[in-house]
*Asks:* 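Quick one: this structure, given as structure tokens, is what I'll be asking you about.
One-based numbering along the sequence shown.
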Amino acid sequence: MAAPSAATRRKLQRKFKLRGFTLKVDALEEAAAFLARFPDAEDDALDLLLDELDKEPLQSSILDRDAVRRVVALLVEADEAVDAASPAATSARSALRVVDSFVVPRFHYDPIKKVFYEYVLLQRLARDIYFSKPAFDTVMTEDDNCEITSIQSLIGCTGRRWIMGVISQLEERQFYLEDLTGAVNTCGFPPLEDREASLSMLMGLDFFGGGVIPTEETVRLSTLEKKAMNDMFVILSDVWLDNYEKTMEKLGVVLDGYDSLEAVPSLFVLMGNFCSRPCNLAFNSFEELRLQFGKLGEMIAARSRLKEHSRFLFIPGPDDAGPSKALPRCALPKYLTEELQKHIPNAIFVSNPCRVKFYTQEIVFFRQDLLYRMRRSCLIPPTTEETSDPFEHLVATITHQSHLCPLPLTVQPIIWSYDHCLRLYPTPHTIVLGDKSDQKAFKYTGITCFNPGSFANDSTFAAYRPCTKEVELSALES
């Protein structure tokens, strides 16, 4: 393979960077070889290659040879590289990018340059007008201004002071609020920061993990997103493969219903648990579960329109097979999913939680029986002044805390080096909380949050239209 010219290298690097990609050397050579096939239509071929890469379930914005080669092989095999570059062809599939939790970037704060706080709640508080000291002397009451001070500075002080920290249990039945300097015995609740306000402070950094998107590309994706009125995601939680009559027969009914639509869903999200029994040390039916995944693959493949036009995303549940119960949980073991993938080659198996970027939208999927655990760990009963709905209190808690699972490590272990993967900062457009509790949808300060319900227990599921952010809570008749 001849080495690409300097001009071609610059062109490729610039175009890929505009789409949020970074090319490794071998990937650049692969892309250059593809362009060399179309000397009279290089720009069209390059745009087509980038459009197809946008649709791939990439786990990182840094591309290697394999990622580019996989798309190149499909385009060359189709022998329609130039003709297929029309807008109608490139918009036929959704601009969907799935982000595994284990590739979400982690950022640190430089206190000298004031680039970013690792302690994201403190960063938010410091920018809130109610928690910062005025630049000029103005007449303000204690209720108007709540400047944050460290716990250590409380020594020798009188009057009311405001601090920010985390709740800890240093001794039995005694809870404390502490920061890096000390501890107190009173607690409050951090304010929620608007998404746009957060983005304005990040200087282009992408916390979501889907790759940095330049302004020009955002405008292009926004235009395409407005045309994607027919795109729909179908989300099911608790798909028990070992329960044929109660779950799999009903799943077949759901698939038949969507297969008959004029525009089939662009994405099916199937969340665990995928077995009615916990896959723990006492579980001895892994071979059987592997075959059941294969039968699910056959069931999907039998619906030819779904197999051809829809994507299938699999997210493990809290009791599914895996190395540990700590969060984030890695994707389902390959041993269990190989048979399914033979029937559905483009099936995507990803971590829990995971993130999906749909054009300009950011969507977080999390499968955990969170409501029960949060209520069990509640220190102070939620106020009923605004609402008495437990799900609405849950949504308010995780969004204000900017974290999917703000529980003690004794209640829910977290892999500490990946704790940032559970952060909700900046706030995403949509949060899907798979939970065994009743299905529910709730919009909170512009954030769409919903629980699709437990498909195995009560035949409930949800359909989501990302273009309009509408949630349709559905259920099969018993």
*Asks:* Using distance alone, with no hydrogens and no angle criterion, decide if K250 and S459 have a side-chain donor and acceptor under 3.5 Å apart.
*Replies:* yes
*Asks:* Is any side-chain heavy atom of P328 less than 4.5 Å from a side-chain heavy atom of P353?
*Replies:* yes
*Asks:* State, without any angle test, whether D231 and S266 hold a side-chain donor-acceptor pair at a distance under 3.5 Å.
*Replies:* yes
*Asks:* Any chance you could lay out the side chain to side chain donor-acceptor pair (under 3.5 Å) test for D389 and T387, step after step, and finish with the verdict?
*Replies:* CA-CA 6 Å; D389 190 299; T387 179; 5.5 Å; no
*Asks:* Would you check, one step at a time, whether the test side chain to side chain contact (heavy atoms under 4.5 Å, CB included) holds for V350 with F314?
*Replies:* CA-CA 6 Å; V350 73; F314 293 84; over 6 Å; no
*Asks:* Contact between I431 and I363 at the side-chain level, heavy atoms closer than 4.5 Å - yes or no?
*Replies:* no
*Asks:* Output yes when a side-chain donor or acceptor of T460 lies under 3.5 Å from a complementary backbone atom of S454, and no otherwise.
*Replies:* yes
*Asks:* With a 6.0 Å cut-off (strictly less than), is the heavy-atom count around CD1 of I62, excluding the residue itself, greater than 12?
*Replies:* no
*Asks:* Quick check: closest heavy atoms across P426 and S198, and the distance to 0.1 Å?
*Replies:* CB-CB, 3.7 Å
*Asks:* Could you check T22 against K17 for side chain to side chain contact (heavy atoms under 4.5 Å, CB included), going step by step and ending with a plain yes or no?
*Replies:* CA-CA 6 Å; T22 301; K17 187 175 181 180; over 6 Å; no
*Asks:* Please test R375 against H393 for side chain to side chain contact (heavy atoms under 4.5 Å, CB included), starting from the C-alpha separation and ending with a verdict.
*Replies:* CA-CA 10 Å; R375 295 184 77 177; H393 282 293; over 6 Å; no
*Asks:* Could you give the distance from CD1 (I344) to CD1 (I300), rounded to the nearest 0.5 Å?
*Replies:* 5.0 Å
*Asks:* With side chains defined as the heavy atoms from C-beta onward, is the minimum distance between L327 and Q412 less than 4.5 Å?
*Replies:* yes
*Asks:* Could you label the plane-to-plane angle of the F274 and F293 rings as parallel, tilted or perpendicular, counting under 30° as parallel and over 60° as perpendicular?
*Replies:* tilted
*Asks:* Within 45 degrees of the ring normal and closer than 6.0 Å to the centroid, is that where the cationic atom of K440 sits relative to F450?
*Replies:* no
*Asks:* Side-chain contact, heavy-atom cut-off 4.5 Å: I348 with F312?
*Replies:* no
*Asks:* Without hydrogens or angle criteria, can the side chains of T448 and T430 be said to hold a donor-acceptor pair below 3.5 Å?
*Replies:* no
*Asks:* So which of L267, V432, L313 actually passes side-chain contact (heavy atoms from CB on, under 4.5 Å) with F233?
*Replies:* L267
*Asks:* Say you draw a straight line from CG of L433 to CE of M271; how long is it, rounded to the nearest 0.5 Å?
*Replies:* 8.5 Å
*Asks:* For M232, is there any backbone N or O sitting under 3.5 Å from a side-chain donor or acceptor partner on R465?
*Replies:* no
*Asks:* Mind checking whether L53 and F16 have side chains closer than 4.5 Å, heavy atoms only?
*Replies:* yes
*Asks:* Looking at every heavy atom in both G453 and S237, which two are closest together, and how far apart are they?
*Replies:* O-CB, 3.3 Å
*Asks:* Check A326 against I415 and note the closest heavy-atom contact, atom names and distance.
*Replies:* CB-CG1, 3.9 Å
*Asks:* Measure across D320 and G272 and return the closest heavy-atom pair with its distance rounded to 0.1 Å.
*Replies:* OD2-CA, 3.4 Å
*Asks:* Take I398 and L424 through the test side chain to side chain contact (heavy atoms under 4.5 Å, CB included) and record every step on the way to the result.
*Replies:* CA-CA 8 Å; I398 65 172; L424 297 173; 4.2 Å; yes
*Asks:* How about F391 and F442: are their ring centroids closer than 6.0 Å?
*Replies:* no
*Asks:* Identify the heavy atoms of L473 and A441 that sit nearest to each other, and give their distance.
*Replies:* CD1-N, 3.9 Å
*Asks:* Hey, could you give me the CG/OG distance between L23 and S61, rounded to the nearest 0.5 Å?
*Replies:* 10.5 Å
*Asks:* So, Q341 side chain and N346 main chain: donor-acceptor pair closer than 3.5 Å or not?
*Replies:* no
*Asks:* Check this for me: D438, atom CG, are more than 12 non-hydrogen atoms of other residues, nucleotides or ligands nearer than 6.0 Å?
*Replies:* no
*Asks:* Answer yes or no: is there a donor N or O on one side and an acceptor on the other, between the side chain of N273 and the main chain of D238, under 3.5 Å?
*Replies:* no
*Asks:* Ignoring hydrogens and angles, tell me if any N or O in the side chain of R329 forms a donor-acceptor pair with the backbone of K325 under 3.5 Å.
*Replies:* no
*Asks:* Within the side chain of R355, is there an N or O that forms a donor-acceptor pair under 3.5 Å with the backbone of F365?
*Replies:* no
*Asks:* Evaluate whether atom NZ of K443 has more than 12 neighbouring non-hydrogen atoms of other residues, nucleotides or ligands under 6.0 angstrom away.
*Replies:* yes
*Asks:* Could you tell me whether R305 atom CZ has more than 12 heavy atoms of other residues or ligands within 6.0 Å of it?
*Replies:* yes
*Asks:* Within the distance-only criterion (no hydrogens, no angle test), does the side chain of S377 pair as donor or acceptor with the backbone N or O of M374 below 3.5 angstrom?
*Replies:* no
*Asks:* Holding to side-chain contact (heavy atoms from CB on, under 4.5 Å), I want the full list of residues that pass it with S437, two or more places apart in sequence or in another chain.
*Replies:* L371, D435, N451
*Asks:* Side chains of L255 and F268: closer than 4.5 Å at any heavy-atom pair?
*Replies:* yes
*Asks:* Between L251 and M299, is any pair of side-chain heavy atoms under 4.5 Å apart?
*Replies:* yes
*Asks:* Is a donor from one side chain sitting under 3.5 angstrom from an acceptor on the other, for T399 and Y444?
*Replies:* no
*Asks:* How far does CG of L394 sit from SG of C378, to the nearest 0.5 angstrom?
*Replies:* 11.0 Å
*Asks:* Hey, could you give me the OG/CZ distance between S260 and R303, rounded to the nearest 0.5 Å?
*Replies:* 11.0 Å
*Asks:* Has the side chain of D100 got a donor or acceptor atom that lies under 3.5 Å from a matching backbone atom of S351?
*Replies:* yes
*Asks:* Minimum heavy-atom separation for G209 to V99, with atom names?
*Replies:* O-CG1, 3.6 Å
*Asks:* Evaluate the side-chain proximity of C330 to F102: yes if any heavy-atom separation is below 4.5 Å, no if none is.
*Replies:* yes
*Asks:* Quick one: does any side-chain atom of R423 pair with a main-chain N or O of S402 as donor and acceptor, under 3.5 Å?
*Replies:* no
*Asks:* Taking the side chain from E362 and the backbone from P428, do they hold a donor-acceptor pair closer than 3.5 Å?
*Replies:* no
*Asks:* Out of curiosity, Y359 OH to L221 CG, how far, rounded to the nearest 0.5 Å?
*Replies:* 8.0 Å
